[in-house]
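This report refers to the structure that appears directly beneath it.
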Amino acid sequence: HLSSTYSCLTQSLSNIDESETLTAVYGSHMSGKSNADVGLLAIHNVTSLTYFPRGIEDIFPNLIGFYIQICNIKTLTGHELDPFPKLTWFVLRQQPNLERIPGSLFAKTPLVHSIWLHNNNLKYIGNDLLTSLPKVEHVYINSNPCNKENRAAYNASQVPSLIDYLRKSCP
């Protein structure tokens with residue numbers, strides 16, 4: 001469970017741009033912990049961050065979760081999560097300029113079971129976004145323009161109907 005996962009919170013990714021790759025993160029660890037112990041990376045309130053940072057996997061090789069909130073991510077290519085095969089939990093919320101989620105975003109992260117993509121500006125969601133996730137149980141895509149009914153999946157049995165709804169509403 002993520003509540004007991006060793007986490008890193010950053011609010012200072014403002015000095016890099018889209019052409020750069022992260023090579024280091026500076027801060028302090030709890031006694032006996034290192035970057036290899038970090039399971040959750042939280043990026044909060046970095047409004048100058050307009051893209052998903054590259055190189056994170058070299059700094060934190062064992063991430064199982066992302067929590068990215070109140071930034072300004074504008075685009076995703078669909079390959080941002082490829083280096084994180086152990087990922088189980090993904091939050092990308094309150095990105096006011098994010099209009100598209102590619103269907104391939106979770107193609108290489110089959111362990112994902114919880115996804116929060118609410119409070120963005122999503123108008124398009126790729127058809128295959130959830131189909132490569134056999135363990136997905138919770139999907140929250142509320143408060144987005146293409147999800148006018150604010151549909152979500154609160155358990156695994158609701159995922160198939162959410163997939164059908166998103167294919168019609170967010171083509």
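Please read these numbers as outputs of a predicted model, since none were measured by experiment. By convention here, the first residue in the shown sequence is residue 1.
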How long is the straight-line distance from [atom2] of [Y] back to [atom1] of [X], given to the nearest 0.5 Å?
{"X": "T47", "Y": "Q94", "atom1": "OG1", "atom2": "CD", "result": "12.5 Å"}
{"X": "I43", "Y": "I70", "atom1": "CD1", "atom2": "CD1", "result": "13.0 Å"}
{"X": "L117", "Y": "N147", "atom1": "CG", "atom2": "CG", "result": "10.5 Å"}
{"X": "I101", "Y": "K123", "atom1": "CD1", "atom2": "NZ", "result": "13.5 Å"}
{"X": "T109", "Y": "L87", "atom1": "OG1", "atom2": "CG", "result": "5.5 Å"}
{"X": "N120", "Y": "S143", "atom1": "CG", "atom2": "OG", "result": "9.5 Å"}

Check: F90 ring centroid to F106 ring centroid under 6.0 Å:
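Here the rings of F106 and F90 have centres that are less than 6.0 Å from each other.
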Closest contact, heavy atoms only, [X] versus [Y]:
{"X": "S157", "Y": "P160", "value": "O-CD, 3.6 Å"}
{"X": "P110", "Y": "P134", "value": "O-CD, 3.6 Å"}
{"X": "A107", "Y": "S132", "value": "CA-OG, 3.7 Å"}
{"X": "L129", "Y": "P102", "value": "CD1-O, 3.5 Å"}
{"X": "L76", "Y": "L105", "value": "CD1-CD2, 4.2 Å"}
{"X": "P53", "Y": "I56", "value": "O-CD1, 3.5 Å"}

Judged by atom type as modelled, is there a donor-acceptor pair below 3.5 Å linking the side chain of [X] to the main-chain atoms of [Y]?
{"X": "Y165", "Y": "E149", "answer": "yes"}
{"X": "Q158", "Y": "A156", "answer": "no"}
{"X": "N72", "Y": "T50", "answer": "no"}
{"X": "Q95", "Y": "L92", "answer": "no"}
{"X": "Y6", "Y": "M30", "answer": "yes"}
{"X": "N144", "Y": "N142", "answer": "yes"}

Checking side-chain hydrogen bond (donor to acceptor under 3.5 Å, both in side chains) for the pair H29/N35: CA distance, chi angles, key distance, verdict?
CA-CA 8 Å; H29 283 290; N35 285 356; 2.6 Å; yes
Pairwise side-chain contact, [X] with [Y], heavy-atom cut-off 4.5 Å (strictly under):
{"X": "R100", "Y": "I125", "answer": "no"}
{"X": "L40", "Y": "V38", "answer": "no"}
{"X": "I141", "Y": "L122", "answer": "yes"}
{"X": "Y154", "Y": "E137", "answer": "no"}
{"X": "L41", "Y": "S7", "answer": "no"}
{"X": "Y124", "Y": "E99", "answer": "no"}
{"X": "V46", "Y": "I68", "answer": "no"}
{"X": "L133", "Y": "I115", "answer": "yes"}

Derivation of the side-chain contact (heavy atoms from CB on, under 4.5 Å) call for V136 and V139
CA-CA 8 Å; V136 70; V139 183; 3.5 Å; yes
Using the side chain to side chain contact (heavy atoms under 4.5 Å, CB included) rule, pick out the option among V112, L63, L111, N62 that qualifies with F84.
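That would be L63; it is the only one of V112, L63, L111, N62 passing the side chain to side chain contact (heavy atoms under 4.5 Å, CB included) with F84.
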If you apply the rule side-chain contact (heavy atoms from CB on, under 4.5 Å), what do you find for Y67 with W116, and how did you get there?
CA-CA 9 Å; Y67 185 92; W116 283 264; over 6 Å; no
Is there a side-chain contact (heavy atoms from CB on, under 4.5 Å) between N121 and L98? Walk through the geometry before answering.
CA-CA 5 Å; N121 193 27; L98 184 62; 5.8 Å; no
Would you please classify the geometry between the H138 ring and the H113 ring as parallel, tilted or perpendicular, with 30° and 60° separating the classes?
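It falls in the perpendicular class, over 60°.
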